[in-house]
Amino acid sequence: MAVKAKSPMVHVARSRATLKSGEKVQYAYVRYSVPDPKKGRLQPKQLAGLGRVDQLDEQRLGTLEGFLKEWLRKDSSLPFDALEERFRAVQPELRILCSRSFGLRWLIEQAWDELGYREALAQLAEGRDHAVPVDVTIFGMVLAQLICPQSKLSMSRWGGAEVFFPEGEGLGSRQLYEAMDVLAEGYDCVEAALTERLQELGVKTRRLLHDTTSISFSVRYDDSERAKISKERRERGEAKTIAVVNDPPFRLRGHSKAKRPDLPQVVLNVVANEHGLVVHHSTHAGNTSDRSVTREAVERLGALGYREVQWAGDSGTNSVANREILRAADFDFVMGEGVARTKVSREVLAAKGRYRRHPDRPELSYKCVIAEASDERKGKKSPGRERLYVVRRNKKEEAHANHRIDAHLKRLEDVLATGSAKAKEALLHHRTYKRYVKPNGRFKSDARPEGAVVLDRDHLAVLRLRAGKSVIGSDRHEANAVDLDELYRNLFDVERIFRQLKSTIEIGPIRHRRADRILAHCMLAVMARNLAAWLELRSGMTFENLRKLFENVNVQQVEFGVETYWQCVELEPAQKKAIRAIGYTLPPTRFEVTTNACASNQ
């Protein structure tokens, strides 16, 4: 029985395979049906291979399948042999070369232009002999930091499916490092261009938030130690070249906020505005004190044109000298006082006064005290300046702190009542319990202590007094306590910046050794964080939610005959709505890539 010829049935099929590494993958291919006289039915045969499924986009596969069906329908009157011949003719002409993630690239690039980074970097590179534009190279590194953070060596391959950056083909690590060197030399111009662009966009800065954090390295040695190790190895004949050493050393051990005292680090000094944008930052040696970075920051902000702004700083940057610097700059500032360290804080906490409740948050209350800044009187005969101190009380935190103290005391009283002498002595050195006890000052005739260890009831009363409370200070006696507290609480935004730098953008651990490369690495990370913050500000969504929303927006490089182009998937309604809410244009469905931009060819 003869089989009647009819048009092929086209669809996308998948097959399973196991690689030599043991990984199981799927391959996609287009197949169509061919009449089989023996079986009396249509038999599927492969038309074109599309590659691994995990490297393709499902929506693009469906689009390709629909295109082929529509193409066949137009010539459905042709005999089957003619259709098969046409398939054979078109098969080598139509190929999907690769698939890349595109959604965030489209948004990030428009934010990059809007904040003026591209223009500033292009001006920075003027007159320099570079085969590749510096602004393109820097943008590629910032893009990678936002989408899939990796080392500069990995970036030089530009082979990951996560990054759509075809302009990076041919860029090696040498070009990346050259661009970083240009950025390190001229970042002041980039920072000034950002300030100018924000003014043009109508983004006013009324509040500046100042804090520092530490960033660790991926090795346990600082430059002095590495130089010593290298010298010892050379003396033993184990090394032929010496290590590059910063002079003075830049990667040093300090107070590690990442709880990694074994690693060298640098200190990142950040000043952000109320919109979450970093308007100034600087990178310092790892042993730099927080109190020593304020002068440089205030002088730089003055050069950028910031005047008559409010300033919030935590207790780590609070000192007599820094307060004088802020007064000279005419900044209206509020700073943490550190209840455990300063004499004035202890006096303010013990001062009589009535707590007034927060108008919207019943668990918060405030007590205002005008007192002399005793630390400003040191070495002077005249009294210190009188300042306004606000004691902030949180009832929930107070109850939690007292509950923790009660639990500790119960354990301590058991040890002091029934424990051995050795167990009691150990309390004096315990990380948690040592603040509750003290050595007994009474002695027996044989010069041995009586009881050895007792509760320090005076210090216990101080701990009860501090529970759930903190102190902030301002020069403005007439200031409202709620307003000062709100300004100080904005420092949580800087903490969020640090969390994003260390998690989403992965600023650390740093792997560079040269000081200028370390500086440039931090600059790239801060620029990436500013782009993320700008998209959050414009869209009203977190950067993480934007990433999830656009994670399925891919582009595929298509080769059809002698023509090669990129084609974008159809956007979902929610994605179009988000782009329009930001005020950006929708991506083109078909485009080509020029030297330094995506040029629409729709």
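Remark: the Tyr584 side chain and the Glu114 side chain contain an N/O donor-acceptor pair separated by less than 3.5 Å. If you check the side chains of His281 and Thr283, you find no donor sitting under 3.5 Å from an acceptor. No hydrogens or angles considered: nothing links the side chains of Tyr117 and Asp135 as a donor-acceptor pair under 3.5 Å. Side-chain contact check for Ser315 and Asn318: no donor-acceptor pair (N or O, by modelled atom type) lies under 3.5 Å. Donor-acceptor pairing under 3.5 Å is lacking for the side chains of Asn287 and Gln265. Inspection of the Thr564 and Gln557 side chains reveals no N or O donor paired with an N or O acceptor under 3.5 Å. Looking at Thr205 and Glu274, their side chains never bring a donor and an acceptor atom within 3.5 Å of each other.
Without hydrogens or angle criteria, Arg529 side chain to Phe498 main chain gives no donor-acceptor distance under 3.5 Å. Formation of a donor-acceptor pair under 3.5 Å by the Arg253 side chain with backbone atoms of Arg220 is found in this model. With Gln110 contributing its side chain and Thr585 its backbone, the two residues share a donor-acceptor pair below 3.5 Å. For Glu536 (side chain) and Phe543 (main-chain N/O), a donor-acceptor pair under 3.5 Å exists by modelled atom type. One N or O on the side chain of Ser503 and one on the backbone of Arg499 form a donor-acceptor pair closer than 3.5 Å. His280 places no side-chain N or O within donor-acceptor distance of the main-chain N or O of Ala272, the cut-off being under 3.5 Å. Checked by atom type and distance alone, the side chain of Asn530 pairs as donor or acceptor with a backbone atom of Val278 at under 3.5 Å. Remark: the backbone N or O of Ile497 is not paired with any side-chain donor or acceptor of Gln500 at under 3.5 angstrom. In terms of modelled atom types and a separation under 3.5 Å, the side chain of Asp290 and the main chain of Thr317 share no donor-acceptor contact. Side-chain atoms of Asp516 never come within 3.5 Å of backbone atoms of Leu519 as a donor-acceptor pair (strictly under, hydrogens ignored).
The aromatic ring centroids of His210 and Phe331 lie 6.0 Å or more from each other. Remark: aromatic rings of Phe165 and Phe102 are distant, center separation not under 6.0 Å.
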Stepwise side-chain contact (heavy atoms from CB on, under 4.5 Å) check, Phe550 with Gln575:
CA-CA 7 Å; Phe550 289 92; Gln575 295 166 342; 3.7 Å; yes
Output, in order, the C-alpha distance, side-chain angles, deciding distance and verdict of side-chain contact (heavy atoms from CB on, under 4.5 Å) for Trp534 and His275.
CA-CA 8 Å; Trp534 184 248; His275 307 292; over 6 Å; no
Applying side-chain contact (heavy atoms from CB on, under 4.5 Å), run through Ser539 and Leu546 and close with a yes or a no.
CA-CA 9 Å; Ser539 66; Leu546 281 173; 3.6 Å; yes
Side chain to side chain donor-acceptor pair (under 3.5 Å) for Gln567 and Thr589? Distances and angles first, verdict last.
CA-CA 5 Å; Gln567 190 159 346; Thr589 56; over 6 Å; no
Using the side-chain contact (heavy atoms from CB on, under 4.5 Å) rule, take Ser282 and His284 through it: C-alpha gap first, then chi angles, then the decisive distance, then the call.
CA-CA 7 Å; Ser282 55; His284 304 270; 2.8 Å; yes
Walk me through it: do Arg489 and Glu486 pass the test salt bridge (Lys or Arg N to Asp or Glu O under 4.0 Å)?
CA-CA 5 Å; Arg489 287 181 185 275; Glu486 180 186 355; over 6 Å; no
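Arg118 forms a cation-pi arrangement with Phe139, by the criterion of a distance under 6.0 Å to the ring centre and an angle within 45° of the ring axis. Taking the centre and axis of the six-membered ring of Phe164, the NZ or CZ atom of Arg105 falls outside the cone set by 45° and 6.0 Å.
Considering all non-hydrogen atoms of both residues, Tyr488 and Met335 come closest at CE1-C, 4.0 Å. Nearest heavy-atom pair across Thr288 and Ala285 is OG1-O, 2.7 Å. Ala578 and Leu549 get closest at one heavy-atom pair: CB-CD2, 3.7 Å. Across all non-hydrogen atoms, the minimal contact from Leu586 to Trp106 is O-CZ2, 3.4 Å. Contact detail for Asn554 and Ser101: the closest heavy-atom pair is OD1-CA, 3.6 Å. Between Ala192 and Arg300, the shortest heavy-atom contact is N-NH2, 4.1 Å.
A salt bridge links Arg197 with Glu200: at least one charged nitrogen is closer than 4.0 Å to a carboxylate oxygen. Salt bridge absent: Arg295 and Glu324 never bring a charged side-chain N and a carboxylate O closer than 4.0 Å.
Taking CD of Glu196 as the start and CD of Glu119 as the end, the distance is 8.5 Å to the nearest 0.5 Å. Separation of atoms CG (Leu571) and NZ (Lys577) is listed at 15.0 Å; rounding is to 0.5 Å. With rounding to the nearest 0.5 angstrom, the CD atom of Gln199 is 9.5 Å from the CG atom of Leu304. In this structure, the separation between CG on Asn273 and OG1 on Thr195 is 9.0 Å, given to the nearest 0.5 Å. Between the CG atom of Leu268 and the NZ atom of Lys502 there is a distance of 8.5 Å, given to the nearest 0.5 Å. The line from NE2 of His521 to CE of Met180 is 7.5 Å long, rounded to the nearest 0.5 Å.
Side-chain atoms of Val279 and Leu194, non-hydrogen and from C-beta on, never get closer than 4.5 Å to each other. Residues Leu263 and Pro509 fail the side-chain proximity criterion, which asks for heavy atoms closer than 4.5 Å. The shortest distance between side-chain heavy atoms of Phe333 and Gln310 does not fall below 4.5 Å. Between Asp332 and Trp311, every side-chain heavy-atom pair lies at or beyond the 4.5 Å cut-off. A 4.5 Å side-chain heavy-atom check between Cys522 and Ile507 finds at least one atom pair inside the cut-off. Residues Thr542 and Arg547 are not in side-chain contact: their nearest non-hydrogen atoms beyond the backbone lie 4.5 Å or more apart. The side-chain heavy atoms of Pro587 and Ile579, taken from C-beta on, include a pair separated by under 4.5 Å. When side chains are defined from C-beta on, Trp112 counts as touching Ile138, because their heavy atoms get closer than 4.5 Å.
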